[in-house]
Q: 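After the structure tokens below, expect a handful of questions from me.
When reading the values below, keep in mind they use all heavy atoms of this one structure, side chains included, and skip hydrogens, waters and symmetry mates.
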Amino acid sequence: MTVNKYTSLPSVPYKIISYLAQNNEKIFKALYYQESDALDKPDLTLEQKLDMIYVDEGKEIDKHIFLKPLIGEEMIDSATQLRLYKYGISPNDSMVSVINYRFDIITGSKISLIYDDGIPCSRLDVIESELLDTLNGVDLFGTGKFQFNKDLSTADKQILTLSNSKNFFGSILIMSVRWMDIEQGENCG
């Protein structure tokens, strides 16, 4: 029996961040620069962007990208974070599954607005729209295109829900990808 393989799943969040780092400046400026004119600041190098990933060493407050859902106690009102992780897997059959990835976008209460084309906008909205623009319809892994629609997964959505009711709040964006990874030469019958 031919079955779907999931051996490359652990590397997917990092590969998504790497793809974003190579294909979207706005996301990283909105994360890195905390001023309202963040999008007018200089572009970051690829090394600077990838250095924003927290790898469970040092202080979380010094980083902006996390591959886990847990928000540490260090979160304060002057930081913006992106958290990316696998949210769920729904198998369609033995060869095809739908994988949901969740993006948590969190910002401090004192830095929630940035100027985009001279207009004050929600930092969360800018990051969300850039994530959707950059990832929706892109085949990053040769298994299927990232999608944001209910046809692929009813889990796909955006909601404003994260908050400590004091100094930070955020939103959740869930996107999905069809996953079919079978060994070459396997009998499909």
Side-chain angles (χ1 to χ4, degrees), residues 1-28 30-31 44 46-47 49-57 60 63-72 80-107 124-162 170-189:
M1 178 170 140
T2 303
V3 295
N4 205 348
K5 306 292 181 188
Y6 299 93
T7 55
S8 61
L9 275 184
S11 64
V12 168
Y14 181 84
K15 288 179 180 179
I16 293 170
I17 295 299
S18 180
Y19 179 82
L20 290 169
Q22 296 171 48
N23 293 283
N24 191 299
E25 293 299 326
K26 275 188 172 181
I27 291 171
F28 290 87
L31 289 169
L44 298 152
L46 182 59
E47 182 180 334
K49 292 174 188 175
L50 296 178
D51 189 50
M52 293 169 66
I53 301 171
Y54 182 70
V55 291
D56 293 340
E57 295 175 1
E60 285 189 16
K63 301 295 181 175
H64 300 278
I65 299 171
F66 298 81
L67 305 180
K68 63 180 181 178
L70 182 65
I71 299 172
T80 303
Q81 297 180 353
L82 174 65
R83 294 175 176 273
L84 168 59
Y85 49 94
K86 180 173 45 64
Y87 184 65
I89 302 174
S90 299
N92 292 347
D93 55 36
S94 65
M95 293 191 307
V96 178
S97 292
V98 174
I99 315 262
N100 308 112
Y101 285 94
R102 179 170 155 168
F103 300 83
D104 295 345
I105 306 147
I106 304 163
T107 193
L124 301 176
D125 288 350
V126 169
I127 294 172
E128 286 170 4
S129 68
E130 292 298 317
L131 286 169
L132 288 167
D133 186 53
T134 306
L135 294 175
N136 201 20
V138 173
D139 185 349
L140 294 178
F141 314 106
T143 62
K145 294 180 179 182
F146 260 96
Q147 296 182 40
F148 184 69
N149 70 65
K150 296 287 185 182
D151 291 337
L152 183 59
S153 174
T154 57
D156 287 7
K157 67 180 104 187
Q158 180 283 333
I159 51 177
L160 182 67
T161 186
L162 300 170
S171 63
I172 294 168
L173 177 67
I174 299 173
M175 296 183 74
S176 301
V177 64
R178 186 177 324 276
W179 192 269
M180 188 173 95
D181 185 13
I182 57 174
E183 301 268 335
Q184 293 294 331
E186 285 190 37
N187 184 351
C188 293

Q: Do you know the tightest heavy-atom contact between L44 and M52?
A: CD1-SD, 4.4 Å
Q: Without swapping roles, check the side chain of N23 against the backbone of Y19 for a donor-acceptor pair under 3.5 Å.
A: yes
Q: List the steps, then state whether side chain to side chain contact (heavy atoms under 4.5 Å, CB included) holds for N92 with R178.
A: CA-CA 9 Å; N92 292 347; R178 186 177 324 276; 3.9 Å; yes
Q: Strictly by modelled atom types, are D156 and S176 linked by a side-chain donor-acceptor pair under 3.5 Å?
A: yes
Q: Would you find a donor on one side and an acceptor on the other, under 3.5 Å apart, between the side chain of N4 and the backbone of D181?
A: yes
Q: Should L131 and I27 be marked as a side chain to side chain contact (heavy atoms under 4.5 Å, CB included) after you check the CA-CA gap, both sets of side-chain angles, and the distance that decides it?
A: CA-CA 8 Å; L131 286 169; I27 291 171; 3.7 Å; yes
Q: Taking atom OH as the centre, does Y87 end up with more than 12 heavy-atom neighbours from other residues, nucleotides or ligands that are less than 6.0 angstrom away?
A: no
Q: Heavy atoms, side chains only, cut-off 4.5 Å: are N136 and Q147 in contact?
A: yes
Q: Taking it one step at a time, do I16 and F141 satisfy side chain to side chain contact (heavy atoms under 4.5 Å, CB included)?
A: CA-CA 10 Å; I16 293 170; F141 314 106; 3.9 Å; yes
Q: To the nearest 0.5 Å, tell me how far Q158 CD sits from M175 CE.
A: 12.5 Å
Q: Give the C-alpha distance, both sets of side-chain angles, the deciding distance and a yes or no for side chain to side chain contact (heavy atoms under 4.5 Å, CB included) between Y101 and L135.
A: CA-CA 11 Å; Y101 285 94; L135 294 175; over 6 Å; no
Q: Within the side chain of S153, is there an N or O that forms a donor-acceptor pair under 3.5 Å with the backbone of I99?
A: no
Q: I need the L31 CG to I127 CD1 distance, nearest 0.5 Å.
A: 4.5 Å
Q: Can you see which heavy atom on E128 is nearest to which on L173, and at what distance?
A: O-CD2, 4.3 Å
Q: With no hydrogens and no angle check, is any side-chain donor or acceptor of R83 less than 3.5 Å from a backbone partner on K68?
A: yes
Q: Can you tell me how far CG of L82 sits from CZ of F66, rounded to the nearest 0.5 angstrom?
A: 10.0 Å
Q: So how far is it from I174 CD1 to F148 CZ, rounded to the nearest 0.5 Å?
A: 9.0 Å
Q: For A21 versus L50, what's the shortest heavy-atom pair and its separation?
A: CB-CD2, 4.2 Å
Q: Is there a donor-acceptor pair closer than 3.5 Å between any side-chain N or O of W179 and the backbone N or O of K5?
A: yes
Q: Would you compute the distance between atom OG1 of T80 and atom CD1 of I105 and round it to the nearest 0.5 angstrom?
A: 10.5 Å
Q: Can you tell if the side chain of V12 reaches within under 4.5 Å of the side chain of Y6, non-hydrogen atoms only?
A: no
Q: Is it the case that over 12 heavy atoms from other parts of the model lie below 6.0 angstrom from the NZ atom of K86?
A: no
Q: Quick one: are P69 and R102 in side-chain contact, heavy atoms under 4.5 Å?
A: no
Q: Could you tell me whether K63 and E57 have a side-chain N and a carboxylate O separated by less than 4.0 Å?
A: no
Q: Which pair of heavy atoms, one from N149 and one from D151, lies closest together, and at what distance?
A: OD1-N, 2.9 Å
Q: For S11 versus S8, what's the shortest heavy-atom pair and its separation?
A: OG-O, 2.9 Å
Q: What is the minimum heavy-atom distance between A155 and N100, and which atoms define it?
A: CB-ND2, 3.8 Å
Q: Roughly how far, to the nearest 0.5 Å, is the CD atom of Q81 from the CD1 atom of I106?
A: 5.0 Å
Q: Is there a donor-acceptor contact under 3.5 Å from the side chain of S18 to the main chain of Y14?
A: no
